[in-house]
Amino acid sequence: MNLSVSIGKLTLQNPVMVASGTFGYGAEYARLLDLNQLGAVVVKGIRLTPVRGNPTPRTAEVTSGMLNAIGLQGPGVDGFIEKYWPFLKSLRVPAVINIWGTTVEEYAEVARRFDAVGGVGALELNVSCPNIKEGGAQFGTDPKLLAAVVAACRKATTLPLITKLSPNVTSIVPYALAAEAEGSDALSITNSFPAMAIDIESRRPKLANVTGGLTGPCIKPIAIKLIWDARRAVKIPIIGMGGIQSAADAVEFMLAGANAVAVGTANFYEPQTALAVIAGIRDYLQWHNIENIHDLVGAVRLS
Amino acid sequence: MNLSVSIGKLTLQNPVMVASGTFGYGAEYARLLDLNQLGAVVVKGIRLTPVRGNPTPRTAEVTSGMLNAIGLQGPGVDGFIEKYWPFLKSLRVPAVINIWGTTVEEYAEVARRFDAVGGVGALELNVSCPNIKEGGAQFGTDPKLLAAVVAACRKATTLPLITKLSPNVTSIVPYALAAEAEGSDALSITNSFPAMAIDIESRRPKLANVTGGLTGPCIKPIAIKLIWDARRAVKIPIIGMGGIQSAADAVEFMLAGANAVAVGTANFYEPQTALAVIAGIRDYLQWHNIENIHDLVGAVRLS
Amino acid sequence: MVEQTVQIISNERDTDAYFQLTLQAPEIARATQPGQFMHLRIPPLREALLRRPFSIFQANGETVAVLYKTVGKGTNALAKMRAGEELSAIGPLGHGFTVPAGGGETPLLVAGGYGMAAMYLLAERSPQKGIVFVGGRQRVDILCEAEFRKIGWEVRATTEDGSYGEKGLVTQPLVAELKRGGRNRKLFACGPTAMLKAVAKIAEEFQVPAEISTDEHMCCGVGVCLTCVVPIKTASGWEYQRTCTEGPVFDSRNVLWEIAK
Amino acid sequence: MVEQTVQIISNERDTDAYFQLTLQAPEIARATQPGQFMHLRIPPLREALLRRPFSIFQANGETVAVLYKTVGKGTNALAKMRAGEELSAIGPLGHGFTVPAGGGETPLLVAGGYGMAAMYLLAERSPQKGIVFVGGRQRVDILCEAEFRKIGWEVRATTEDGSYGEKGLVTQPLVAELKRGGRNRKLFACGPTAMLKAVAKIAEEFQVPAEISTDEHMCCGVGVCLTCVVPIKTASGWEYQRTCTEGPVFDSRNVLWEIAK
Ligand SMILES: Cc1cc2nc3c(=O)[nH]c(=O)nc-3n(C[C@H](O)[C@H](O)[C@H](O)COP(=O)(O)OP(=O)(O)OC[C@H]3O[C@@H](n4cnc5c(N)ncnc54)[C@H](O)[C@@H]3O)c2cc1C
Ligand SMILES: Cc1cc2nc3c(=O)[nH]c(=O)nc-3n(C[C@H](O)[C@H](O)[C@H](O)COP(=O)(O)OP(=O)(O)OC[C@H]3O[C@@H](n4cnc5c(N)ncnc54)[C@H](O)[C@@H]3O)c2cc1C
Ligand SMILES: Cc1cc2nc3c(=O)[nH]c(=O)nc-3n(C[C@H](O)[C@H](O)[C@H](O)COP(=O)(O)O)c2cc1C
Ligand SMILES: Cc1cc2nc3c(=O)[nH]c(=O)nc-3n(C[C@H](O)[C@H](O)[C@H](O)COP(=O)(O)O)c2cc1C
Ligand code: FES
Ligand code: FES
């Protein structure tokens with residue numbers, strides 16, 4: 001049975017990653033599960049300099065999902081390399097670094113810095129975080145800005161580049177095409193959805209940031225549709241995410257067109273989810289007599 | 001306690017309606033609840049001519065929500081007036097007719113026809129149905145087309161006009177502004193979200209139409225955010241909907257900026273929901289010593 | 001049609017994956033016509049919102065019973081509920097079978113799966129006794145045979161694996177019976193769509209009337225959502241009609257089988 | 001830290017809205033330090049996904065216990081669970097209290113609500129007995145007083161309505177005690193943020209060290225999501241640190257109280 005998946009020059013032993021921002025820098029979960037079983041570890045978003053993040057409350061539970069407005073708290077490139085890289089480097093599975101900036105130049109600079117580190121698996125460009133005022137989202141909702149970010153990073157590094165698209169667009173196709181055209185090796189679909197919740201007793205927003213990003217099983221059907229749309233537009237691999245909590249969910253993403261998947265919010269409530277998804281995909285393939293996982297990708301039947 | 005709400009020249013006895021497409025033509029639920037308690041009855045979308053609708057399966061259950069691709073099956077203006085209008089006319093609460101077309105002219109013609117009927121409460125322009133190939137969605141994702149539809153209907157009728165916006169846009173603000181500028185008396189936010197689900201055993205989409213619209217509690221946090229965005233842009237009333245299943249949900253919509261609300265998917269599983277929401281809003285107002293429901297609108301506290 | 005919170009009187013395994021649920025629901029029980037159904041909300045389902053439709057198997061004074069198969073999350077959750085617990089029921093719903101008038105046609109019933117339960121009331125209320133042809137994959141799929149025999153009906157069972165009754169499909173003994181001749185017979189069928197299609201064809205061949213009960217995915221169950229439609233012939237062509245409202249029972253000749261799923 | 005499916009040994013009402021839950025969880029029990037917590041997934045919650053954090057009240061050989069108040073959907077669902085049922089626990093989590101060394105400081109504990117439970121293990125394992133100041137709105141809010149007395153601690157209760165102990169706020173007898181003088185005392189506090197702030201101010205005034213346990217909304221409970229942060233002073237200013245990982249217990253002097261919620 002072949003579970004391996006390629007993203008640019010990177011080969012993953014299996015298609016199951018963990019989503020940025022839901023797995024810290026890897027070390028935190030190492031005591032609860034064997035990270036070396038994963039397809040890849042994707043770390044929380046990093047920009048050039050340290051980021052304090054938003055005031056609290058930063059997350060709120062909603063029906064079959066959650067809102068977050070962490071505000072990309074992080075140690076910056078140097079802090080990351082000093083504190084977290086040694087552990088990640090010691091893993092046998094690739095680490096994907098999720099990066100962001102407030103300008104095209106900053107994206108490129110962060111990419112350049114990680115290129116120089118040596119041993120990074122891939123870079124995931126977060127152009128779609130709804131929780132910060134500058135940077136993030138605007139690059140993900142303007143195809144020209146998106147193209148500029150991808151192009152600049154493409155020049156800055158030979159590492160595999162994954163562009164993480166925003167769901168907050170009328171059609172994802174122009175964005176998928178722009179990223180592909182500028183040399184992105186893969187797409188991640190999808191980031192969280194702009195959303196909001198209000199406590200009706202205090203009458204305050206449930207997040208200090210007022211609005212935040214919606215994730216979890218509640219968004220899965222929208223994510224599946226986005227992947228289905230992007231799959232028919234581009235040839236590059238797609239990493240699907242949005243509410244995956246079981247192998248059945250992961251297979252659904254793959255049938256819609258994802259080459260790989262990432263488990264996000266589910267890590268918070270069931271840290272073993274990614275491992276269970278890998279085991280369950282194996283069972284599914286065996287049960288359906290499928291030798292190569294690639295045969296699932298986009299294999300939804302339409303007639 | 002004052003629960004009444006005005007939409008153009010129409011006054012509702014309370015702010016709780018039922019959403020188009022989830023309440024048939026009113027008569028079906030009349031045996032289970034007293035329709036005269038509602039703020040208004042909103043009927044399934046009508047175009048000029050009869051519509052057969054999409055093949056089955058037309059709906060699918062998903063986590064905390066459902067997908068539908070009914071395809072706007074309906075009797076057309078004449079069929080509606082003949083079969084369903086006599087009953088609706090006999091109600092003491094206003095009937096809002098949800099209308100659509102495949103061209104600007106058709107929208108205007110349908111509006112004109114209903115203007116001539118006499119006794120219609122308001123027209124809701126559905127420019128946001130994701131489940132039909134032509135008409136519907138494209139008018140809701142292009143501000144110029146939207147403006148043209150609203151302007152044409154505005155000329156065709158003096159009935160209160162409610163424009164039902166699409167959630168499938170990067171920012172709802174230009175759409176809200178366009179509808180207001182062209183004379184819409186109110187906005188409905190939100191219609192369903194483009195989405196998809198696949199059965200992993202048969203590998204077929206769960207809807208014959210492949211994709212459909214996501215509704216139910218799962219979309220509530222996105223709907224709240226859309227209303228919050230639109231509220232700060234326009235002065236006209238907003239009818240909020242998307243996953244309302246309790247009075248607490250309805251109050252949350254009002255705090256975010258909705259002047260009235262509509263219960264949709266919840267009708268399918270708890271037909272009494274709208275009545276329970278009305279009773280619960282009364283309790284909330286009493287408990288919080290609020291005399292006028294209007295004081296809730298947009299009253300989320302930000303400091 | 002009422003919506004009510006009703007109490008479970010009993011909820012016991014019948015055979016294999018089939019359970020019998022009995023509810024204290026006098027208003028529904030009194031109003032039920034053969035072939036109608038109830039739409040149940042199963043409280044332990046929380047992230048699965050919709051009700052599930054079940055044919056009314058028996059309606060005795062104060063109580064109604066359904067026979068259901070555990071096939072997914074709703075039916076499995078239902079199977080764990082206990083006597084004394086409550087659930088919400090809407091019913092009776094839909095347009096049921098036409099009970100033969102006294103001295104009218106002899107009913108021939110064709111059943112697959114829960115179809116046997118869906119037609120029990122028809123048998124019970126029919127002044128003419130008839131024959132019920134029931135088919136299943138294996139022995140455990142043959143439900144409530146004893147109940148039919150108790151009210152004096154003949155049961156002819158078929159199983160695909162031959163583990164019970166005749167080996168083969170339910171349509172074989174039906175065709176054999178129809179070939180035997182006889183006047184004034186009418187078919188009533190409830191089961192998987194493939195079976196209904198076969199019955200419709202047989203009815204046409206033998207020129208006997210047939211009422212069939214369609215099994216379509218449902219959402220609202222009361223006619224407002226237009227989920228459960230089947231193509232029905234009209235004067236000017238065809239239109240989609242609702243299983244939950246115009247159906248589940250249709251005259252087989254009116255269904256546009258070519259495009260029915 | 002382990003993640004385990006554990007069995008409920010008992011789950012009984014303690015007083016009013018408080019319940020005591022005892023779990024069979026030897027690995028967690030053995031590893032628990034005073035002030036640590038567990039993160040529980042409550043199976044009947046289905047559309048509410050996240051775990052709920054609870055301080056470990058007692059850890060005896062094979063079992064751990066928590067005292068919890070029913071405040072919302074999770075705790076209410078938990079209260080309906082029965083002995084024998086299972087739930088998933090991650091624990092022990094967080095950085096707990098510093099247990100006083102033999103001959104070290106005399107501990108003065110300040111507790112509100114479940115804070116009393118959160119500090120029981122600290123009292124149990126402290127070689128020096130001390131005083132626990134506990135406050136609540138009314139009598140039912142004063143938890144596990146008997147347990148503290150049983151291990152030889154003095155309990156000074158206050159209630160806002162005067163229905164039990166001294167009338168007023170928990171800080172009143174604390175200040176009185178500190179005014180009385182004495183050396184080598186240390187405060188340990190767990191309760192609502194307003195109380196923690198007051199304790200921090202008192203500690204500063206009286207120049208006594210204080211460890212406080214922060215109650216922040218949590219999501220992952222293990223340090224990956226950055227939900228539960230509190231502002232902590234650093235050499236160059238301040239940064240957000242995690243209640244679930246660097247905390248819940250912090251040195252009160254390190255917290256930037258001005259911007260803590
Ligand atoms: C009018 C009517 C009467 C019915 N009467 C009975 C009855 O008396 N006894 C009985 O056991 N069942 C009956 N059914 C079928 C029953 O409603 C479904 O088995 C039930 O809804 C499945 O719910 P679930 O949550 O367990 O399955 P889900 O988890 O929702 O689905 C599990 C599997 O069952 C399939 N499924 C879901 N709904 C249906 C359906 N309506 N028909 C066929 N497959 C379905 C799904 O596609 C899926 O593959 C009836 C259906 C209709 C429309
Ligand atoms: C480190 C830590 C240890 C804790 N130990 C205990 C304990 O030993 N015993 C105990 O009874 N409780 C304890 N709590 C609080 C407990 O976690 C919450 O009461 C619980 O999560 C509420 O869940 P729910 O589903 O019932 O409430 P929800 O339905 O989620 O919310 C109901 C109400 O409670 C509020 N709420 C939710 N979480 C918290 C929280 N963390 N703090 C304050 N209010 C909250 C909500 O804002 C809402 O108003 C602890 C919290 C933390 C962070
Ligand atoms: C708390 C939290 C923090 C996140 N942080 C990041 C981030 O730093 N960078 C990023 O690209 N995506 C971030 N995401 C988005 C996830 O990587 C993922 O795209 C999204 O959560 C959808 O998947 P899910 O529904 O499985 O969680 C974050 C999500 C959550 C819930
Ligand atoms: C089955 C179904 C049919 C619908 N049909 C229409 C329609 O004809 N016209 C329309 O404007 N909206 C239609 N809608 C959208 C609803 O009116 C409403 O905007 C949406 O369902 C969100 O509310 P909810 O989450 O409470 O259901 C339909 C929704 C459903 C679920
Ligand atoms: S199930 Fe809604 S119309 Fe039949
Ligand atoms: S709760 Fe996730 S970091 Fe603390």
Side-chain angles (χ1 to χ4, degrees), chain B residues 18-33 41 43-45 50-75 79 131 204 206-208 212 215-218 243 245 264-273 275, chain C residues 1-5 27 31 39-43 45-53 71-74 87-94 193 214-232 234 236-246 256 258-261:
Chain B
V18 287
S20 176
T22 68
F23 214 77
Y25 304 101
E28 294 85 348
Y29 276 130
R31 289 167 67 191
L32 291 180
L33 55 121
V41 171
V43 303
K44 174 80 187 158
V51 181
R52 198 174 258 164
N54 289 329
T56 58
R58 287 176 167 187
T59 62
E61 193 178 53
V62 296
T63 304
S64 293
M66 63 176 283
L67 298 180
N68 89 79
I70 305 297
L72 287 168
Q73 177 174 339
N131 301 325
R204 293 189 192 285
K206 290 194 180 176
L207 298 176
T215 63
C218 56
Q245 52 178 0
T265 302
N267 294 313
F268 298 152
Y269 50 95
E270 290 297 352
Q272 312 288 342
T273 302
L275 300 187
Chain C
M1 188 211 307
V2 294
E3 184 198 351
Q4 283 187 325
T5 299
E27 293 179 56
H39 214 26
L40 300 184
R41 183 132 203 243
I42 302 164
L45 287 189
R46 299 190 59 84
E47 81 292 12
L49 298 167
L50 301 176
R51 289 170 184 262
R52 271 51 179 167
V71 298
K73 49 187 164 318
L87 46 75
S88 166
I90 302 180
L93 293 169
T193 306
T214 53
D215 177 358
E216 282 295 321
H217 274 254
M218 283 189 183
C219 170
C220 72
V222 299
V224 301
C225 75
L226 306 175
T227 291
C228 61
V229 294
V230 284
I232 299 293
T234 59
S236 55
W238 64 274
E239 66 181 18
Y240 278 121
Q241 290 188 6
R242 299 163 295 184
T243 290
C244 68
T245 309
E246 285 84 21
L256 191 62
E258 295 75 27
I259 65 157
K261 284 280 152 64

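The shown structure was predicted, so the numbers you read here are calculated from the model rather than taken from an experiment. Hydrogens, waters and symmetry mates play no part in the numbers below; they use all other heavy atoms, side chains included. Proteins come first, then strands; the chains are lettered A, B, ... in the order of their sequence lines, and each starts at number 1.
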Bottom line for A208(B): the part with an atom under 4.5 Å from chain C's heavy atoms is side chain
Taking every heavy atom of L45(C) against every heavy atom of G74(C), the minimum-distance pair comes out as CD1-CA, 3.6 Å
Can you name the residues that form a side-chain contact (heavy atoms from CB on, under 4.5 Å) with T56(B), not counting sequence neighbours? R58(B), E216(C), V229(C), K261(C)
Would you say the side chains of T5(C) and S88(C) form a donor-acceptor pair under 3.5 Å? no
I need the residue from A27(B), G21(B), P271(B) with the largest number of non-hydrogen atom pairs under 4.5 Å to chain C. P271(B)
Say whether, by atom type as modelled, one donor and one acceptor occur between the side chain of N54(B) and the main chain of A69(B) under 3.5 angstrom. yes
With only heavy atoms counted, which part of V222(C) is less than 4.5 Å from chain B, the side chain, the backbone, both or neither? both
So which of F23(B), Y269(B), F268(B) has the biggest tally of heavy-atom pairs under 4.5 Å with chain C? Y269(B)
Minimal non-hydrogen separation, L226(C) against G223(C), with atom names: CD2-O, 4.4 Å
For P55(B), is it the side chain, the backbone, both or neither that has a heavy atom under 4.5 Å from a heavy atom of chain C? both
R41(C): which residues meet the salt bridge (charged side-chain N to carboxylate O under 4.0 Å, His left out) condition with it, sequence neighbours left out? E270(B)
Determine the minimum heavy-atom distance between V224(C) and T22(B), stating which atoms define it. CG2-O, 3.6 Å
Once ring-ring contact (aromatic ring centres under 6.0 Å, His included) is applied, do any residues pair with Y25(B), and if so which ones, sequence neighbours excluded? F80(B), Y84(B)
Check: H39(C) side chain, L50(C) main-chain N or O, donor-acceptor pair, under 3.5 Å: no
At under 4.5 Å between heavy atoms, what parts of residues 236-245 of chain C are in contact with chain B? List them by residue number. W238(C), Y240(C), R242(C)
Option in R31(B), Q73(B), K44(B), R52(B) with maximal non-hydrogen atom pairs under 4.5 Å from chain C: R52(B)
Considering non-hydrogen atoms only, spot the tightest contact between T59(B) and M66(B) and give its length. CG2-CE, 3.6 Å
Counting heavy-atom pairs under 4.5 angstrom with chain B, the leader among C228(C), C225(C), P231(C) is C225(C)
Is chain B contacted by the side chain of I90(C), its backbone, both, or neither, given a heavy-atom distance below 4.5 Å? side chain
